[in-house]
Number of protein chains: 2
Amino acid sequence: MSKQIAAIPLFEGLSQKHYDELAGIAVDRSYKRGQIIFSEGDEGIGLYVLIAGKVKVFKLSPEGKEQILHVFEEGEPFGEASVFAGQRFPAHAETLEKSRILFFPRAAFIELIKRDPSLALNMLAILSRRLRKFTLLVEDLSLKEVPGRLAAYFLSVSEQRDGSDDLKLDIAKNQLAGLLGTIPETLSRILARMVRQGLIHVDGSRIKIVDRQGLEELAQAERRL
Amino acid sequence: MSKQIAAIPLFEGLSQKHYDELAGIAVDRSYKRGQIIFSEGDEGIGLYVLIAGKVKVFKLSPEGKEQILHVFEEGEPFGEASVFAGQRFPAHAETLEKSRILFFPRAAFIELIKRDPSLALNMLAILSRRLRKFTLLVEDLSLKEVPGRLAAYFLSVSEQRDGSDDLKLDIAKNQLAGLLGTIPETLSRILARMVRQGLIHVDGSRIKIVDRQGLEELAQAERRL
DNA sequence: ATCTCCCCTTGACCTAAGTCAAAGCATATT
DNA sequence: AATATGCTTTGACTTAGGTCAAGGGGAGAT
């Protein structure tokens with residue numbers, strides 16, 4: 001297991017001794033698609049690291065509308081906040097596909113941080129980046145309309161793929177709606193509109209960026225579609 | 001200056017030696033109301049701690065609409081994220097009133113964290129709590145309507161004041177609008193509506209909670225006002 | 001091959017909340 | 001005291017996007 005652990009960015013730069021320690025305290029769990037990992041309000045008893053698969057962390061309104069806060073991919077830790085603040089989970093976590101997850105109990109993990117400053121700094125960097133992502137999400141929700149959010153999403157996915165114009169959505173469109181703070185119907189309409197305007201081309205979950213500059217303008221300001 | 005430093009929660013539990021070191025690297029700055037501390041896109045060269053006054057951190061849309069991410073009060077650190085993630089500031093910071101701020105340059109601060117695990121853990125706890133706050137903000141923006149956000153705001157202020165029903169807003173209403181992701185006109189209308197419904201009583205910046213349960217229902221779900 | 005369960009799309013409708021404009025207040029400054 | 005500047009409220013109007021309802025397709029299961 002210590003091999004998987006060494007591959008996790010959070011643990012980069014640690015000594016072999018610490019890898020072994022981590023391997024000693026880690027609990028290895030497997031989940032199939034659609035399983036709940038934790039729910040809002042649960043006690044935060046440790047840190048999770050996703051080894052394989054995909055996990056969404058989300059809020060639910062009483063009416064059932066879902067706002068996804070983050071979709072985690074391989075190698076990413078989650079549930080950290082409640083480890084350090086000693087609070088309950090502020091959101092739900094559920095697998096989007098078959099996943100494998102390592103769980104590190106709180107106390108042992110904190111001990112390790114106390115002893116290894118590079119682990120502390122890694123953790124600080126990760127939390128900082130996450131904070132920054134949330135900042136962007138808040139900006140999107142508050143200052144952009146749905147087309148702008150969608151355009152921004154496409155551009156950011158494209159960037160992750162080294163600027164390719166051919167994108168494959170790795171989450172279903174109804175999940176994407178939840179990530180953008182809207183509902184599937186609206187997303188569907190806006191996709192159709194973007195196609196009509198010649199901004200993108202859509203074929204199922206394949207998206208092709210046709211007019212990158214148009215998308216950029218849309219993502220940037222409140223320009224009308 | 002080491003006296004002020006000892007009073008900062010972030011530095012709780014440090015040794016006298018570390019207080020002195022911090023005092024050694026800190027830069028003491030004074031600002032009057034309305035001054036920019038940093039702008040979005042600036043290089044994050046250090047950590048700020050607010051000693052006195054009030055600072056808002058906010059995003060601006062191209063049209064000039066403002067979304068406040070956080071209003072910082074005495075003793076709170078800000079601008080930390082860019083210290084650890086080595087990124088630019090994702091938002092603007094401006095004083096809401098005359099303020100005094102200590103600035104800790106990045107490198108020296110990181111050195112100190114490496115040497116003192118309790119500082120690292122304090123920092124982790126603060127970032128975690130901030131992350132949690134952002135989670136609530138996202139939830140509000142995405143899953144609640146403005147009346148619900150406002151009700152939630154009143155309840156949270158009341159909680160901070162040990163559950164008192166008599167609140168004094170410590171920010172102007174137009175700022176509050178920015179914090180709730182809306183505009184002053186809308187806020188004004190909703191306040192009037194809440195008064196009409198007998199939920200609260202308003203006198204300038206004094207708010208009196210009349211029907212706490214009504215506010216709680218409003219804050220909770222999407223109930224109609 | 002057909003069934004079935006989702007996922008996705010489209011249409012008609014409605015409402016929360018933003019825009020624009022104007023006027024009333026309050027606080028601080030000279 | 002007078003003036004200016006920024007905060008707050010109200011009114012009339014517009015619109016993004018949510019709700020409800022009804023179909024259409026694709027992938028795995030039997």
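Below, chain A is the first sequence line, B the second, and so on; all start at residue 1.
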message: Taking the basic N atoms (NZ, or NE/NH1/NH2) and the acidic carboxylate oxygens, is any pair closer than 4.0 Å for A:Lys54 and A:Glu73?
response: yes

task: Among C:dT9, D:dT8, D:dT9, find the nucleotide with the atom closest to the side chain of B:Ala172.
output: D:dT8

N/O contacts under 3.5 Å, protein versus nucleotides 24-29 of chain D?
none

query: Checking B:Ser128 side chain against B:Leu124 main chain: does a donor-acceptor pair fall under 3.5 Å?
result: yes

Identify the pairs formed between an N or O of the protein and an N or O of nucleotides 20-25 of chain C at a distance under 3.5 Å, and give each distance.
residue, atom, partner, partner atom, Å
C:dC20, N4, B:Glu185, OE2, 3.4

query: What is the distance from CD of A:Glu145 to P of D:dT15, rounded to the nearest Å?
result: 12 Å

statement: Separation of C:dC8 atom P from A:Leu180 atom CG, nearest Å, is 13 Å

field: For atom NZ of B:Lys98 and atom P of C:dA28, their distance in whole Å
entry: 14 Å

query: Taking atom P of C:dG11 as reference, at what distance in whole Å does atom CZ of A:Arg193 sit?
result: 14 Å

message: It should be established whether A:Lys173 places a side-chain nitrogen or oxygen under 4.0 Å from OP1 or OP2 of nucleotide C:dT9.
response: yes

- request: Would you please say whether a donor-acceptor pair under 3.5 Å links the side chains of B:Thr182 and B:Arg149?
  value: no

- request: Evaluate side-chain contact (heavy atoms from CB on, under 4.5 Å) for A:Lys59 paired with A:Glu40, printing each intermediate quantity in order.
  value: CA-CA 8 Å; A:Lys59 282 275 189 181; A:Glu40 182 171 346; 3.2 Å; yes

- prompt: In terms of the angle between their ring planes, are A:Phe134 and B:Phe134 parallel, tilted or perpendicular, with boundaries placed at 30° and 60°?
  reply: parallel

- prompt: Are A:Asn174 and C:dC8 close enough that a side-chain N or O sits under 4.0 Å from OP1 or OP2?
  reply: yes

- line: Of all heavy-atom pairs linking A:Leu179 and A:Leu137, the shortest is O-CD1, 4.1 Å

task: Please report the shortest heavy-atom distance between B:Ala219 and B:Lys144, naming the atom on each side.
output: O-CE, 2.7 Å

- prompt: Among C:dT9, D:dT8, D:dG17, which is the nearest nucleotide to the side chain of A:Ser188?
  reply: C:dT9

Between B:Phe103 and B:Phe38, ring centroids under 6.0 Å: no

query: Between C:dT9, D:dG17, C:dA17, which nucleotide has the shortest distance from any of its atoms to the side chain of A:Val146?
result: D:dG17

- prompt: For D:dG17, does either OP1 or OP2 sit under 4.0 Å from a side-chain N or O belonging to A:Thr182?
  reply: no

Between C:dC6 (P) and A:Leu176 (CG): distance, integer Å: 21 Å

- line: Among the nucleotides D:dG18, D:dT8, D:dT10, whichever has the atom closest to the side chain of B:Ala192 is D:dT10

query: Which part of the nucleic acid, if any, lies within contact of A:Arg33, taking any heavy atom under 4.0 Å across all strands shown: a base, the sugar-phosphate backbone alone, or nothing?
result: sugar-phosphate

query: Is the closest basic N to carboxylate O distance between B:Glu43 and B:Arg88 below 4.0 Å?
result: yes

- request: Could you state the atom-to-atom distance from CG of B:Asp170 to P of D:dC7 in whole Å?
  value: 16 Å

Gap between atoms CD1 and C1', on B:Ile183 and D:dT10 respectively (whole Å): 13 Å

- prompt: Is the shortest side-chain N to carboxylate O distance from A:Arg206 to A:Asp166 below 4.0 Å?
  reply: no

